[in-house]
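So you know, we letter chains A, B, ... as the sequences are listed, proteins then strands, and number each from 1. Note that the coordinates shown come from a computational prediction; the quantities given were computed from them, not determined experimentally.
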Protein chains: 2
Amino acid sequence: MNVEKAWETLKKHSFKRTKNREAILEFLAERDGYTAAMDVGEFLKKDNPGVSFDTIYRNLTTFAELDILEETDLNGERQYRMHCDPGVHHHHFICTVCGKTKHIPSCPMDHISVNLPGVEIQGHKFEVYGKCPQCQ
Amino acid sequence: MNVEKAWETLKKHSFKRTKNREAILEFLAERDGYTAAMDVGEFLKKDNPGVSFDTIYRNLTTFAELDILEETDLNGERQYRMHCDPGVHHHHFICTVCGKTKHIPSCPMDHISVNLPGVEIQGHKFEVYGKCPQCQ
DNA sequence: CTATTAATAGTAATGATTACGATTCACTTC
DNA sequence: GAAGTGAATCGTAATCATTACTATTAATAG
C-alpha cells in the first residue's frame, strides 16, 4: 500500500484531504515497521505543534478500519504500519527494539488443525518477536 | 498447576504465605480462562476491601515470573490464568466474551519455516479468538 | 517472644487513550 | 470564486489501567 492508493480509498469513502492525514500517511509510508500512535503524534507536532490526541487517534483508527494501516498492540501501546498488502493474509516478525517488521507469508491456521468443537472462530494473532540484524 | 504446587514454588523462592496471595491463587484456580488484573483485584476486595493496586499487580507479576500464572495482553488489559502445564509449550483459543480458554497443543513455530536470515528470535505469540459454545 | 525484612495499605503519579464543546476548514453548489 | 454545510480539528479535561512511593503491618526465623 502506498500513499496514492490510500487516498483513493479515502476518497471512495468521502473522507476529506487534510494536512494531518497527509502527514500521517507520508510518515508511515517512509517507515518499514510498526510505530506507536504516540510517536506518530510526535511527528505531526513538528509541522503542527497543536495537533490534538483526538486527531491522531481518530485518523489512525479510521485508517486501520479502511485497511490502509495494520494495527497491533505491543507492550501496552497501539502500533500502526502501512498495510503491506491489503487482502492478502499474512503475519510479521517484529523487532522488539526498533519495531521493524519482516513479512511471514504463511499462516498457522493453514498448518494447524485447531480442534475446537463448537467454538466460533473470529480471528487470530501470530507474531514472532526478536531482534533484527541492525539491533543486535 | 494447582494451588498446592504454586505454594511449593513460592516456598522454594522464599515468598511468604499471605492472605492476599492465597486469595489470588484460589480465585484463579477456580477459573478456566483469562481474567483481567483489575477483576482479580475486584475479587480480592470482597474479603479485603483495602487491597492496594500495588499488592495486586506485584503479586500477579511475581506469579507470572515464577511460571505459576500465564499472562497475556487482551484489548489493552493484562490478563492472567493458572499455568495449564508449566514447562510444556502450548497456545490457547480465547473466548472474546468470557475469557475462557481451550488448549492448543501444537505450535506454529514447529510447522512454519520462518525464513528470517540474521534475526535473533526471542519469542512469539499465537492466540485464536472467538466465541465458546456458551457465549454464542 | 523478638527481630528482621518482606508484604501491604493508602494514596499520588504516570502514560496512553477517550471524550467533547467550540472553532476551523475542505469541499459542494451556485 | 463566494457562501454554506458538515466533516475535521483544537484545546483541554476526563478516564482507565498501571506504576510508584512511604509509612505501617505482619510472616517467618531464631
Side-chain angles (χ1 to χ4, degrees), chain A residues 3 6-27 34-66 68-69 71-81 99, chain B residues 3 6-27 34-66 68-69 71-81 99:
Chain A
V3 177
W7 277 118
E8 279 174 32
T9 306
L10 287 167
K11 259 282 166 57
K12 199 188 305 170
H13 291 80
S14 44
F15 284 96
K16 294 179 179 169
R17 190 176 196 115
T18 67
K19 285 259 174 284
N20 285 325
R21 287 180 179 149
E22 274 172 354
I24 293 173
L25 290 175
E26 268 157 37
F27 177 55
Y34 278 105
T35 307
M38 293 299 264
D39 292 338
V40 176
E42 284 309 308
F43 175 80
L44 290 196
K45 281 182 187 158
K46 286 180 186 165
D47 271 1
N48 176 5
V51 227
S52 75
F53 295 127
D54 199 334
T55 302
I56 300 163
Y57 284 101
R58 181 172 25 75
N59 282 321
L60 289 173
T61 304
T62 301
F63 294 172
E65 278 165 1
L66 294 174
I68 291 170
L69 301 182
E71 183 183 354
T72 194
D73 274 355
L74 223 53
N75 42 1
E77 282 184 319
R78 213 166 306 160
Q79 312 258 342
Y80 294 91
R81 55 158 296 145
Chain B
V3 177
W7 278 118
E8 279 175 34
T9 306
L10 287 166
K11 259 282 168 55
K12 199 188 307 171
H13 293 79
S14 42
F15 283 96
K16 295 179 179 169
R17 190 175 195 114
T18 67
K19 284 259 174 283
N20 285 324
R21 287 180 179 149
E22 274 172 355
I24 293 173
L25 291 175
E26 269 156 38
F27 177 55
Y34 277 106
T35 307
M38 293 300 263
D39 293 336
V40 177
E42 283 310 309
F43 175 81
L44 291 197
K45 281 181 187 157
K46 286 182 187 165
D47 272 1
N48 176 5
V51 226
S52 75
F53 294 127
D54 199 333
T55 302
I56 300 162
Y57 285 101
R58 183 173 23 77
N59 283 321
L60 289 173
T61 304
T62 301
F63 292 172
E65 279 166 359
L66 295 173
I68 291 169
L69 301 182
E71 183 183 353
T72 194
D73 275 354
L74 223 53
N75 43 359
E77 281 184 319
R78 213 165 307 161
Q79 312 258 343
Y80 294 91
R81 55 158 295 146

Whole-Å distance between [N] [atom2] and [X] [atom1]?
X     : N      : atom1 : atom2 : value
A:I56 : D:dA8  : CD1   : P     : 16 Å
A:K19 : C:dA26 : NZ    : P     : 7 Å
B:L60 : D:dT19 : CG    : P     : 11 Å
A:E71 : C:dT17 : CD    : P     : 10 Å

Apply salt bridge (Lys or Arg N to Asp or Glu O under 4.0 Å) to B:R81 and list each qualifying residue two or more places apart in sequence or on a separate chain.
-> B:E70
Tell me, please, which residues at least two apart from A:E42 pass salt bridge (Lys or Arg N to Asp or Glu O under 4.0 Å).
-> A:K45
Could you tell me whether B:R21 contacts a base, only the sugar-phosphate backbone, or nothing, with contacts defined as non-hydrogen atoms closer than 4.0 Å?
-> sugar-phosphate
Sequence neighbours excluded, which residues qualify as side-chain hydrogen bond (donor to acceptor under 3.5 Å, both in side chains) partners of [X]?
X     : result
B:N48 : B:N20
B:S52 : B:T55
A:T35 : A:R31

Applying side chain to side chain contact (heavy atoms under 4.5 Å, CB included) to A:E65 and not counting sequence neighbours gives A:T61
Taking only residues two or more places apart in sequence, or in another chain, which ones meet A:A23 in a side chain to side chain contact (heavy atoms under 4.5 Å, CB included)?
-> A:L44
Below 4.0 Å: OP1/OP2 of D:dC10 and any side-chain N or O of A:N20 | yes
What does the list of N/O pairs under 3.5 Å between the protein and nucleotides 13-18 of chain D look like, with a distance for each?
unit_1: D:dA17; atom_1: OP1; unit_2: B:E77; atom_2: OE2; d: 3.3
unit_1: D:dT18; atom_1: OP1; unit_2: B:R78; atom_2: N; d: 2.7
unit_1: D:dT18; atom_1: OP2; unit_2: B:Y57; atom_2: OH; d: 2.3
unit_1: D:dT18; atom_1: O5'; unit_2: B:Y57; atom_2: OH; d: 3.3
unit_1: D:dT18; atom_1: O3'; unit_2: B:R78; atom_2: NH2; d: 3.0

Taking only N/O atoms, report every protein-nucleotides 27-30 of chain C pair under 3.5 Å with atom names and distance.
unit_1: C:dC27; atom_1: OP1; unit_2: A:R17; atom_2: N; d: 2.9

Going by the salt bridge (Lys or Arg N to Asp or Glu O under 4.0 Å) test, which pairs reach into residues 9-21 of chain B, not counting sequence neighbours?
-> B:R17-B:E22
Listed by chain and number, what are the ring-ring contact (aromatic ring centres under 6.0 Å, His included) partners of A:F43, not counting sequence neighbours?
-> A:F27
List in numerical order all residues of residues 44-52 of chain B for which some heavy atom is under 4.0 Å away from an atom belonging to DNA chain D.
-> none
Hey, could you give me the CZ/CZ distance between A:R58 and A:F53, rounded to the nearest 0.5 Å?
-> 13.5 Å
At what distance, to the nearest 0.5 angstrom, does CG of B:L25 lie from CG of B:L69?
-> 7.0 Å
